[in-house]
Amino acid sequence: MTFVGGRDGDWEDRAREAAFQWLDEHSDDEHPLFERADLASWTFEGKRIALIDRQRGIRKPAEFRAALSIMTTFTPPGQTPPYEDAAGDDGLLRYKYRGKDAAHPENRALRNAMAEHVPLIWFTAVEPGRYLAVRPVWIVDDNPRELEFSIAVDSAQYALARAGTLSDERSYAERLTQQRLHQPLFRARVLSVYHSECAICHLNHAGLLDAAHIIEDGKPNGLPVVPNGLSMCKIHHAAYDRNIIGVRPDAVVEVRTDILHEIDGPMLKYGIQQMHGARLTLPGTRAARPDPERLEARYEEFRSAVA
Ligand SMILES: [Zn+2]
């Protein structure tokens, strides 16, 4: 039996598993974010184990051998988050060392997580003090020259990394990063700046809301960033994607002419037709509002669908 800080190694495994379970039980589409205070006061078997560090990015509880979580601080809309775009040649994301000393205890704690193949939690602040928890993630490589670790954010990525076949599957690996990290963060960030309301109809149930791309994902300028997003309820999102409704560059909603003249039940009448001419409710912060150039390009697409 391995003893860690006076406790057996199983205790660390059980605590880690319980932390993941707690995160699952305390978040969903309606409430995707965690408050710092709740993360800091998590307890296991009567012992308080903060899941996140007060100041630092890497969290290793005193009783643990391997790190439990990593954290990325809040980046205001319009600015590039520090680690998200830092994919290496293998398509995996990177996480910087604590300081420049490879032997720093927190860097060692990440190396231990790598050696023991234990999963970690990646907290990213979507608002100051409120976090999205991407999990499980794994440390798959240590790059002392660049002072950074490589992270797998999906079990398939992790399997490829362990099999040494990542270089053959780079575009697949990048797609997984998109699904597991970029898209959930995009949704959380967009919903946050729109206060979890549909920009068109004000529906205020996060579980019924999406972050709609203005410029489609995969096209140039189609990045999952707040200025390319609109918070929309599921029906308005689908109608926007299918050019049933359009949004003018001055943020006024237009309903396609043929749809405007259709006669049908209340969803069409109140949900769609009555939105014609409505003005979007946009975030107060300029940097969080939709980019007018993107709106314009997308509106042109809508216009050609009408013709
Ligand atoms: Zn709506």
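Quick note: numbers below take in every heavy atom, side chains included, and nothing from hydrogens, waters or symmetry partners. For ligands, and for the atoms within them, numbers begin at 1 and follow the listed sequence.
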ask   = Could you go step by step and tell me if M232 and D210 meet the side chain to side chain contact (heavy atoms under 4.5 Å, CB included) rule?
value = CA-CA 6 Å; M232 284 188 183; D210 291 332; 5.7 Å; no
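Note that R298 lies in the cation-pi zone of Y240, set by a 6.0 Å cut-off to the ring centre and a 45° limit from the axis.
Taking the six-membered ring where the residue is Trp, Y95 and W122 present perpendicular rings, their angle passing 60° and hence far from 30°. Using cut-offs of 30° and 60° on the angle between ring planes, the pair F123 and Y131 is perpendicular.
Other cluster members for V118: none, since no ILVMFWY side-chain heavy atom sits under 4.5 Å from it.
Shown are the protein N/O/S atoms under 2.8 Å from the Zn ion (ligand 1), given by residue and atom: C198 SG, C201 SG, C233 SG, H236 ND1.
Counted by atom type alone, D217 and Q183 present one or more donor-acceptor pairs between their side chains at under 3.5 Å.
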